[in-house]
Asks: 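Okay, here's the structure, questions in a sec.
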Amino acid sequence: MASITLEGLTKVFPDGTVAVSDLNLGIEDGEFMVLVGPSGCGKTTALRMVAGLEEISSGVVRIGPRVVNKLSPKDRDVAMVFQNYALYPHLTVFNNMAFSLKLKKADKAEIKRRVKEAAQILGLDQLLDRKPRNLSGGQRQRVAMGRAIVREPQAFLMDEPLSNLDAKLRVQMRAEISRIQSHLGVTTIYVTHDQVEAMTLGNRVAVIKKGILQQVAGPQELYEHPVNIFVAGFIGSPAMNMAEAKLSAFDGDLKVSFGGHDLRVPAAVVDHRPALRSFVGRNVVLGIRPEDMEDASLVPQAPADQKLAAKVSLLEALGSEVLVHFEVEAPVVLTEDVKELAVDVGAEHLENLEKQARVGRSVFTASLNPKTTAQKGGSIELVADSTRFHFFDPDTGLGIYH
Amino acid sequence: MATVIRVLNRAPVTVVMLIIGAIWLVPTVGLLVSSFRTAAESNTSGWWNGIAHPSQLTIEPYSNLLTGGGMLTAFKNTVLITVPTTLIVVLVASLAAYAFAWIRFRGRDVAFLIVVGLLVVPIQVALIPVATLYGKVGLFGHIPGVVLFHVAFGLPFAIFLLRNFFIGIPADLLEAARMDGAGELQVFYRVVMPLGTPAIASLAIFQFLWVWNDLLVALVFAQTSSAPMTVFIRNQLREFASNIDVIAPAAFLQMIVPLIVFFAFQRYFVQGLLAGSVK
């Protein structure tokens, strides 16, 4: 097992596309590092450069103390789990898992022991004689994991290993991967575009946009203090609501105004983020997570200056929570970051946003307790927890936390 | 009821196919029957009389042929030409096809284009120059010369066929093998070869049949001692008399081996023909 260090890692494809740009990242020995970002952001390319499957344009990849730039994949001693599993269709499960050991000319008894051991960890004991085509998706995924495990490599590289599974199985395998990784303690780089996977699996998560690293931090830190609008919009589901707002002084506290709503931001919050004061009288981008809003009727002592009235345009009951969509008369934030996020959702979504921007409106989502009495088309009063608001500089897109 | 209708619907097709099949088989059956008749009988009556009067049939033509010499040598020569050609073509073509499909090197696409271009070169244009060349290097009239010519003209198609099959193997599989510690040769024989078996097998069958049945190349480059069966049989043709009692059994022996090969590998043959068309 070893640490992995990426220094100024860059990939320029022959057609001039820059897939990865000056990526600096240190992954500690035994750490589970997740690379996350919208599709096409270069995360897979970065992983493949670590694997040796993609040539490095410039920069250095170190596995342990060794610089591996010039080593071929077989000499790097890392194992990879592919998105579509890439099992050898002509070999049985046992031989799939034993493949690398056989190439190394390992002792027969040793091969058997290690494959059996990995099969046990993964619950594959009964399937060792089967061919991949006779396995279910989840079982194939396990075999792919098993193939990596038996090698006892310096590191695991996983390229969206769960994206071909259906939702229920994905949740189950996610827990499994987490369990196995912490059990074995092998350094792992895991690529995904699913932020839920990233949050649940990673010791740390690296958010990448267009080949450029945005932020590396623990999952909670990413959620609480996203460094910019992009990270804020990418992490969290449903996504953070954002609108242009105006900050003004108010009775010793601050007041944030948007779309006819005035919400008090207590001085205590401002004390933690003194930089906010310099934005008084100016525009900011206000970010409110859906989870930080609640049906006011369920919060009896909610202060009046943290309430906002809304008309429910859409209601999604998920059982454990109720998602309420409502329109706010404040222009939607349409920075480069937001567009990038919207494209990832779908071209249609971007069109919608642009339409909203033209009419100076935005749609907010609030996640409410299921006890709410909200009705589609009805009016509702919401209370927003302004101690948990996020503010971003509209010019730079950077979060204001200092 | 539905089954009955289906059978009735299909009946005309089945009948027509059976008739076509029977017509196609007539010459072969005729050859088979003739090969068991003496020269005298063949010269006086048509082969179908052999079916009407089975007592006329005899294995005499076969025993004469096999004891008369010539045919056995020709058979040996055919094997000595066909088997090495097939092996060399399959081996070289599969290695080359792997490189063309999966190894990046400078000039690869141009080289492949040239190989594909060679597909349209007819062998006739090469006969005289190669014969001259063989004469100079002492290959003319020898089996290795025949083999070499067949290999040269078999390779473009073989490479083309296999490369197109190999390129359909998911890249992830090869990458997985490389990650698992395989070098290029190991990737080739542990992953690509097993997965490419249908294509390789059908190529081997094609190549075998072509060379086994070849007359032109052998006629030009072989001499009596190195001539295969096709040349031997042709040499039995006479201008004024038909020595059908020699030609018929010889031609049937010539046919039998390809038939065995075809039926033995029929499964791969069909698979291989479909190779690449449906992924």
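Note that the structure is predicted; figures quoted are calculated from it, not measured.
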Asks: Please tell me whether B:Ser226 and B:Asn77 have a donor and an acceptor in their side chains that are separated by less than 3.5 angstrom.
Replies: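 Their side chains do not contain a donor-acceptor pair, so the 3.5 Å distance test is not met.
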Asks: Taking the six-membered ring where the residue is Trp, are the ring centres of B:Trp210 and B:Phe157 under 6.0 Å apart?
Replies: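 That pair passes the under 6.0 Å test.
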Asks: How far apart are the C-alpha atoms of A:Gln83 and A:Ser163, what are their side-chain angles, what is the distance that settles it, and do they pass the side-chain hydrogen bond (donor to acceptor under 3.5 Å, both in side chains) test?
Replies: CA-CA 7 Å; A:Gln83 179 170 7; A:Ser163 60; 2.9 Å; yes
Asks: Would you say CG of A:Asp129 has more than 12 non-hydrogen atoms from neighbouring residues, nucleotides or ligands within 6.0 angstrom?
Replies: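 No, the 6.0 Å shell around CG holds no more than 12 heavy atoms from other groups.
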Asks: Can you tell which part of A:Val81 gets under 4.5 Å to a heavy atom of chain B, answering side chain, backbone, both or neither?
Replies: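 Contact with chain B involves no heavy atom of A:Val81 at all.
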Asks: Side chain from CB out, backbone as N, CA, C, O: work out which of these in A:Leu87 comes under 4.5 Å of a heavy atom of chain B, or both, or neither.
Replies: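 Answer is backbone: N, CA, C or O of A:Leu87 sit under 4.5 Å from chain B.
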Asks: Against chain B, label A:Arg48 side chain, backbone, both or neither, depending on which of its atoms sit under 4.5 Å from a heavy atom there.
Replies: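 A:Arg48 touches chain B through side-chain heavy atoms alone.
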Asks: For chain B, which candidate among A:Arg147, A:Lys104, A:Lys102 shows the most heavy-atom pairs at distances under 4.5 Å?
Replies: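 Between A:Arg147, A:Lys104, A:Lys102, the count favours A:Arg147.
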Asks: With only heavy atoms counted, which part of B:Ala177 is less than 4.5 Å from chain A, the side chain, the backbone, both or neither?
Replies: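 Answer is both: backbone and side chain atoms of B:Ala177 are under 4.5 Å from chain A.
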Asks: Under a 4.5 Å heavy-atom cut-off, does chain A meet the side chain of B:Gln186, its backbone, both or neither?
Replies: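 Contact with chain A involves the side chain of B:Gln186 alone.
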Asks: Pick whichever of B:Leu173, B:Leu174, B:Asp180, B:Asp172 has the most heavy-atom pairs under 4.5 Å with chain A.
Replies: B:Asp180
Asks: Out of A:Thr192, A:Leu25, A:Val205, which residue meets the side chain to side chain contact (heavy atoms under 4.5 Å, CB included) rule with A:Leu35?
Replies: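 The option that passes is A:Leu25.
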Asks: Do the two ring centres, one from B:Phe166 and one from B:Tyr98, sit under 6.0 Å apart?
Replies: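 When the ring centroids of B:Phe166 and B:Tyr98 are compared, they turn out to be at least 6.0 Å apart.
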Asks: Quick check on A:Tyr88 against chain B: is it the side chain, the backbone, both or neither that has a heavy atom closer than 4.5 Å?
Replies: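 When you check distances to chain B, atoms from both the backbone and side chain of A:Tyr88 fall under 4.5 Å.
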